[in-house]
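Written below as structure tokens is the structure these notes are about.
Position 1 is the first residue of the sequence; numbering continues from there. Remember, it's 1-based here, ligands and their atoms both numbered in the order they're listed.
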Amino acid sequence: NRKWANRGLSGPEPELLLGNLREVWNFDKPRSIVLRDWSKKYGKIYGFYEGQRPFIVISDFYIINEILVKQQENFAARARFAMQERKVGPNTRITEARGPHWKRLRSLGSLAFTNKSLRNILHTVEESATTVVDGMERVQGEINMLEYFQEFTMDVICKIALGMRDVKMFNNEYLDSCREVFYRPMKHPITTFVSLFPFTVDEVRAGFMLLSKVVTNKSPFFVLMGMLKKNVEKRKLERQNCEDKSESTDFIDIFLDAEVDASEVKFGEDSDTARKLSADEIVGQCLIFLLAGFDTTSNSLSYLTHFLANHRDVQQKLVDEIDSFLTDNETFEIDRLSDLKYMEAVIKESLRHYPLANVALTRECTNACEIGGFRFEVGDSIQTDTWSLHKDKTIWGDDAEEFRPERWLEPSSRPRSAFQTFGEGPRICLGMRLAYVEEKVALLKLLSRFTIEKTQHTNPIKLVGSLTVSPERVMVNLVKR
Ligand code: HEM
């Protein structure tokens with residue numbers, strides 16, 4: 001720990017070689033929860049080791065805001081994941097890309113979330129929400145909401161991102177692969193090896209990919225990549241054979257509009273192919289959308305249901321708002337969803353309590369600088385601790401621990417950027433608007449038909465996870481209104 005002491009920081013005692021790996025890669029106590037507990041002990045800035053990789057953890061709002069927003073040019077990349085390739089190429093995903101390469105992927109990805117795109121997909125979201133609520137209605141007795149919301153978000157993302165128009169809810173053959181990605185521990189001999197010897201990552205990764213192709217193609221990533229490749233190829237053929245090229249209908253179409261031969265793409269450079277994607281990049285983008293779109297939103301809806309079961313007064317206010325909204329609006333329109341002010345407050349309050357994707361909110365220092373008396377060096381990996389930030393009483397008030405959606409509707413001097421469940425700055429979550437649309441439509445459909453009641457198994461919820469923080473299950477009773 002002398003390295004941290006030399007920089008004026010403290011932190012948990014690391015083990016030889018392993019550092020603090022055992023603690024931060026524990027599926028039964030997700031990394032974000034471990035970091036939150038360490039923040040209580042070591043303060044608003046401290047260090048830990050993921051194997052040989054040092055991380056600085058920050059929950060001080062001033063410093064975080066400088067890093068994510070005000071001095072974003074000094075922190076222009078996300079910190080690397082243990083298994084992330086150093087080599088930049090068609091497999092580099094938007095979440096890992098840097099500099100001009102990231103800008104290119106981001107500007108193309110953004111096309112999928114414009115007002116026009118969201119308007120086009122609203123009907124699909126509504127249909128999926130109706131189907132999942134129909135499914136809930138068939139259940140006698142207690143129901144695990146997490147499982148149903150996973151069906152819902154998987155259905156939506158398969159249809160709107162991947163153009164799988166004939167995919168069937170409750171019978172989606174790729175759901176288990178997606179679940180496996182999120183519900184398997186980080187602990188794996190290969191991931192552990194590259195964390196202990198980070199300089200070997202490119203070689204180990206290449207060897208692993210080769211071996212996996214020869215020995216097994218059962219890894220969930222390979223299953224999903226194979227499915228996406230097939231879908232992209234199929235769509236390319238359909239487009240070649242189709243005269244009508246009028247309107248892009250899903251994300252694959254949007255990306256194929258920008259497709260170019262891989263040899264023309266200069267990865268990592270700003271070139272005249274700035275708004276083009278190679279076929280492999282299209283598959284990579286879709287994989288990120290599939291994974292990010294499936295897990296985060298279903299977890300978020302599950303936490304929300306848990307709060308509503310426990311806070312019947314909040315549920316009643318929400319139902320009142322929904323009833324009057326549905327009286328005024330026979331059909332949903334994207335612009336009208338913003339009239340649901342109390343619902344938005346409830347969603348945000350739930351996300352404040354459970355910033356479930358905090359692990360993605362990292363940065364790497366790309367220009368040395370000093371912030372709040374601390375010197376950041378080039379290459380420093382930074383992990384923000386949103387779980388602590390979101391309970392900071394100096395920002396959220398003495399009732400920071402309480403679930404009180406009204407706080408979002410009251411006048412407040414709290415900075416807007418204090419809410420960081422979707423991140424902040426130029427790399428803020430690309431799918432945030434879609435997530436809000438999905439959650440609002442799901443709540444409209446669910447609460448217009450059911451009252452959520454708690455059961456003897458509702459509390460407490462157990463938090464698990466490696467890439468995100470999930471409730472192990474959320475058990476409630478749905479009673480017809
Ligand atoms: C409740 C739901 C969601 C939560 C809490 C969430 C959270 C996050 C967070 C914390 C980040 C990192 C932001 C940063 O570094 O500043 C992120 C990035 C990202 N999210 Fe989400 N997300 C959600 C839903 C979605 C959905 C539905 C999609 C797409 C279908 C999506 C796609 C992405 C992408 C592509 C990035 C990387 C952006 C970039 O690097 O430029 N997310 N998300």
Side-chain angles (χ1 to χ4, degrees), residues 32 64-65 67-69 72 75-81 84 92-99 101-113 117-118 121 125 149-150 152-162 178 182 250-252 254-255 281 284-304 344 347-348 350-364 381-387 389-390 417 419-443 465 467-470:
S32 298
I64 295 180
N65 200 41
I67 290 175
L68 299 180
V69 183
Q72 46 170 277
F75 300 88
R78 201 167 270 131
R80 292 173 198 277
F81 283 106
Q84 185 174 325
T92 309
R93 324 245 187 263
I94 181 174
T95 38
E96 302 159 353
R98 296 164 169 232
H101 186 192
W102 165 73
K103 272 201 185 128
R104 185 166 67 85
L105 295 178
R106 175 94 189 186
S107 78
L108 278 165
S110 304
L111 294 177
F113 301 99
S117 305
L118 290 177
I121 61 179
V125 177
F149 286 134
Q150 285 178 341
F152 167 60
T153 56
M154 186 70 184
D155 197 65
V156 170
I157 207 74
C158 281
K159 285 179 177 153
I160 64 167
L162 316 174
C178 277
F182 289 95
D250 56 43
F251 298 0
I252 292 187
I254 290 174
F255 297 144
E281 282 182 305
Q285 291 273 84
C286 288
L287 180 71
I288 290 295
F289 284 2
L290 172 65
L291 295 176
F294 154 72
D295 178 70
T296 50
T297 316
S298 54
N299 281 333
S300 168
L301 278 164
S302 306
Y303 290 128
L304 194 43
E344 193 154 316
I347 295 174
K348 281 192 173 155
S350 176
L351 285 169
R352 177 179 75 87
H353 280 268
Y354 292 104
L356 50 99
N358 180 224
V359 168
L361 191 42
T362 65
R363 294 292 183 268
E364 186 179 298
S381 294
I382 295 140
Q383 168 75 67
T384 65
D385 170 11
T386 317
W387 290 73
L389 177 70
H390 280 184
S417 54
F419 174 62
Q420 297 191 349
T421 300
F422 291 100
E424 216 0 293
R427 293 197 80 137
I428 194 168
C429 173
L430 192 55
M432 177 172 72
R433 297 186 66 213
L434 172 62
Y436 277 122
V437 168
E438 283 186 71
E439 295 200 25
K440 284 183 174 174
V441 174
L443 283 176
L467 296 174
T468 53
V469 181
S470 311

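- Remark: ligand 1 atoms within the under-4.0 Å shell around heavy atoms of Trp102 are 39 (C), 40 (O), 41 (O).
- The heavy-atom pair separating Glu424 from Leu361 by the smallest distance is N-CD1, 4.5 Å.
- Closest non-hydrogen pair, Gly293 versus Thr153, comes out as O-CB, 3.7 Å.
- Remark: distances from the non-hydrogen atoms of Ile157 to ligand 1 include one below 4.0 Å.
- Scanning the protein heavy atoms around atom 14 (C) of ligand 1, the nearest turns out to be Arg427 O, 3.2 Å.
- Atoms of ligand 1 lying under 4.0 Å from any heavy atom of Ile428, numbered from 1 in the order shown and given with element: 16 (O).
- Looking at residues two or more places apart in sequence or on another chain, you find no salt bridge (Lys or Arg N to Asp or Glu O under 4.0 Å) involving Arg363.
- Taking only non-hydrogen atoms, the option from Phe289, Tyr354, Tyr303 nearest to atom 30 (C) of ligand 1 is Phe289.
- A distance below 6.0 Å separates the ring centres of Phe113 and Phe289.
- With ligand atoms numbered from 1 in the order given, ligand 1 contributes 16 (O) to contacts under 4.0 Å with heavy atoms of Glu424.
- Val359 approaches Gln383 most closely through the heavy-atom pair O-OE1, 3.5 Å.
- Applying the salt bridge (charged side-chain N to carboxylate O under 4.0 Å, His left out) test to pairs two or more places apart or on separate chains, none has a residue in residues 428-438.
- A 4.5 Å side-chain heavy-atom check between Ile288 and Leu430 finds every atom pair outside the cut-off.
- Protein heavy atom closest to atom 38 (C) of ligand 1, with residue, atom name and distance, is Arg106 NH1, 3.4 Å.
- Of all protein heavy atoms, the one closest to atom 40 (O) of ligand 1 is Arg78 NH1, 2.8 Å.
- With respect to atom 27 (C) of ligand 1, the closest heavy atom belonging to the protein is Gly293 CA, 3.5 Å.
- Annotation: Thr421 places no N or O atom under 3.5 Å from an N or O atom of ligand 1; distance criterion only.
- Heavy-atom proximity to Leu361, at under 4.0 Å, picks out these atoms of ligand 1: 14 (C), 15 (O), 16 (O).
- Closest to atom 37 (C) of ligand 1, if we only count protein heavy atoms, is Thr95 CG2, 3.7 Å.
- At the shortest separation from atom 16 (O) of ligand 1 among protein heavy atoms lies Arg363 NH2, 2.9 Å.
- Shortest non-hydrogen contact noted between Asn299 and Ser470 is ND2-OG, 3.2 Å.
- The N/O atoms of Asn358, backbone and side chain alike, include none that comes under 3.5 Å of an N/O atom in ligand 1.
- Protein nitrogen, oxygen and sulfur atoms, that is N, O or S, within less than 2.8 Å of atom 21 (Fe) of ligand 1 amount to 1.
- The salt bridge (Lys or Arg N to Asp or Glu O under 4.0 Å) check on Asp295 picks up nothing, with sequence neighbours excluded.
- Of the possible polar contacts, none joining the Thr386 side chain to the Pro355 backbone as a donor-acceptor pair under 3.5 Å is found.
- Of all heavy-atom pairs spanning Phe255 and Gln285, the tightest one is CE1-CB, 3.9 Å.
- Closest heavy-atom contact between Ile67 and Ile382: CD1-CG2, 4.1 Å.
- No donor-acceptor pair closer than 3.5 Å links the side chain of Ser300 to the backbone N or O of Thr296.
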